[in-house]
Amino acid sequence: MKKSIVYKILAVVLGIAIVVVGMKDVKMYLSGKVLNLNTATKDDFKKECIVEGDINYVVGNFAIYEEKDKTLGITTSKRKTKYYLVENLSMDELKRIMESDAEDYTYPDNYFAYVVSASSDEMKDALDANIQGWMDYYDNKTDKMPEPVHFEGKLWREPTESKYKNYKQQALDKWGFDDNDEIAELKAMDNRPGKSSILVIVLGALLALGGLAFIIVPLVLGRTKKTDVEYY
């Protein structure tokens, strides 16, 4: 098979994949529903949707996923996605924890933790600052609790790679999460669907249709040329 045909088929497949994935984002956007992170329950984290709210307590960062773009074997750019574990505790609840004896404290009935993935530098910096802020507070370097991190994004599936799962489990063991039932099913990622999601679908469709056109048109023209051939 010629390389040109392979590239055209890949364009069609890629275009269709973009449309399929993009449709979910568009569906979320057009529904107009936004889940409030501050009132969400663990059961709410079973369905993909748009989310928005404040993150008050970031337990820590447990994994980093890095993508590299290379040209002629030389790395030209890098993209990093950081994975964090977050608890759904309100600021009032956090103050109650700090004021109570650790042995006597009981978590609220609606307590759960969830994974947050952040790819934007702004969100990564904010989440890292929250972690450092709580460390400084625990070490009595400051008497002020860190500011909440305002988050906008969507609920999405977590990675399924074994390496990711191992990093996550090691972190849960380290941070004292003996019961995985406390962890929500879906993660929150900082990629909120919007009008741009519709544009992505359009571009995906154009890519797929363009690939199909470059495959079909030459075949049609080839057949036409063959039927027009005359011998004399």
Side-chain angles (χ1 to χ4, degrees), residues 10 13-14 16-25 27-28 35 37 40-70 73 75-89 107 111-135 146 148-193 197 200 204:
L10 286 175
V13 173
L14 180 59
I16 292 173
I18 291 173
V19 171
V20 171
V21 175
M23 280 299 294
K24 289 187 176 182
D25 281 354
K27 187 177 179 180
M28 290 183 206
L35 178 66
L37 279 178
T41 66
K42 186 167 169 281
D43 285 339
D44 290 328
F45 272 66
K46 293 181 179 180
K47 185 177 180 181
E48 296 165 353
C49 65
I50 296 175
V51 294
E52 182 175 355
D54 291 333
I55 295 174
N56 300 310
Y57 189 78
V58 184
V59 181
N61 162 238
F62 66 86
I64 298 175
Y65 176 73
E66 184 177 272
E67 295 177 277
K68 295 180 181 179
D69 292 327
K70 291 186 176 182
T75 300
T76 55
S77 64
K78 296 180 181 180
R79 293 183 298 278
K80 290 183 179 180
T81 299
K82 299 181 74 172
Y83 290 84
Y84 302 84
L85 189 68
V86 167
E87 293 181 313
N88 73 324
L89 298 169
Y107 283 93
Y111 169 81
F112 68 96
Y114 57 95
V115 171
V116 169
S117 67
S119 55
S120 73
D121 291 337
E122 183 180 358
M123 181 54 61
K124 286 184 287 189
D125 290 344
L127 294 170
D128 289 338
N130 185 275
I131 296 171
Q132 187 60 51
W134 282 111
M135 291 176 63
V149 178
H150 187 70
F151 184 90
E152 293 185 30
K154 64 182 180 183
L155 297 186
W156 203 251
R157 299 178 302 276
E158 287 191 63
T160 56
E161 291 88 350
S162 58
K163 194 172 184 179
Y164 169 84
K165 290 181 178 179
N166 289 336
Y167 280 134
K168 180 183 175 183
Q169 190 58 54
Q170 288 172 14
L172 293 177
D173 294 340
K174 176 184 176 182
W175 293 327
F177 288 86
D178 300 323
D179 188 358
N180 281 349
D181 288 340
E182 296 175 336
I183 312 301
E185 181 178 329
L186 298 178
K187 69 171 182 175
M189 62 184 296
D190 65 335
N191 182 14
R192 179 170 182 164
S197 302
V200 170

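All values below come from the heavy atoms of this structure, side chains included, with hydrogens, waters and symmetry mates left out. These figures come from a predicted structure and were not determined experimentally.
- E158 and K165 are not joined by a salt bridge, as no carboxylate oxygen comes within less than 4.0 angstrom of a charged side-chain nitrogen.
- Residues that satisfy the side-chain contact (heavy atoms from CB on, under 4.5 Å) test with N130, not counting sequence neighbours, are V58, W134, P146, V149.
- Side-chain contact annotation: Q169 with D173, donor-acceptor N/O pair under 3.5 Å present.
- Contact detail for G153 and P193: the closest heavy-atom pair is O-CD, 4.3 Å.
- When all heavy atoms of I131 and G60 are compared, the closest pair comes out as CD1-CA, 3.7 Å.
- Side-chain contact between I55 and L127: present, with at least one pair of heavy atoms (C-beta onward) separated by less than 4.5 Å.
- In this structure the side chain of M123 never reaches within 4.5 angstrom of the side chain of V116, judged on heavy atoms.
- Looking at heavy atoms from C-beta onward, V59 lies out of side-chain contact with Y84 at the 4.5 angstrom threshold.
- With rounding to the nearest 0.5 angstrom, the CG atom of D43 is 9.5 Å from the CD atom of E185.
- Between Y164 and F62, the ring planes are tilted. Angles from 30° to 60° get that label.
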Can you check side chain to side chain contact (heavy atoms under 4.5 Å, CB included) on F177 and K168, steps first, answer last?
-> CA-CA 11 Å; F177 288 86; K168 180 183 175 183; over 6 Å; no

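- Of all heavy-atom pairs between K187 and S117, the closest is NZ-OG, 3.2 Å.
- Rounded to the nearest 0.5 Å, atoms CD (E48) and CE (M189) are 10.5 Å apart.
- For the pair V115/L85, a side-chain contact is recorded, criterion being any heavy-atom separation below 4.5 Å from C-beta on.
- Residues L37 and F45 have side chains in contact (heavy-atom distance under 4.5 Å, counting atoms from C-beta outward).
- K42 places a side-chain N or O within 3.5 Å of a backbone atom of D181 that can act as its donor or acceptor partner.
- Crowding of Y167 atom OH: a count of heavy atoms from other residues, nucleotides or ligands under 6.0 Å not exceeding 12.
- A distance of 13.0 Å separates NZ of K27 from CD1 of I50, quoted to the nearest 0.5 Å.
- Residue K154 holds its NZ atom at 15.5 Å from CD of E52, rounded to the nearest 0.5 Å.
- In this structure, the side chain of K124 engages the main chain of K80 through a donor-acceptor pair within 3.5 Å.
- Distance CG/D128 to NZ/K82: 3.5 Å, rounded to 0.5 Å.
- When all heavy atoms of A40 and F112 are compared, the pair lying nearest together is O-CE2, 3.4 Å.
- Atom CZ of R192 is separated from atom CZ of F151 by 10.5 Å, given to the nearest 0.5 angstrom.
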Residues L186, K46; criterion side chain to side chain contact (heavy atoms under 4.5 Å, CB included); working and verdict | CA-CA 6 Å; L186 298 178; K46 293 181 179 180; 5.6 Å; no

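- At a threshold of 4.5 Å between non-hydrogen side-chain atoms, the residues Y107 and E182 do not count as touching.
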Can you list the steps and then say if V51 with L35 is a side chain to side chain contact (heavy atoms under 4.5 Å, CB included)?
-> CA-CA 5 Å; V51 294; L35 178 66; 3.8 Å; yes

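- A 4.5 Å side-chain heavy-atom check between K47 and L155 finds every atom pair outside the cut-off.
- With hydrogens and angles ignored, the 3.5 Å screen pairs a side-chain donor or acceptor of D190 with a backbone N or O of S120.
- R79 has its side chain out of reach of S119: every pair of non-hydrogen atoms, C-beta onward, lies at least 4.5 Å apart.
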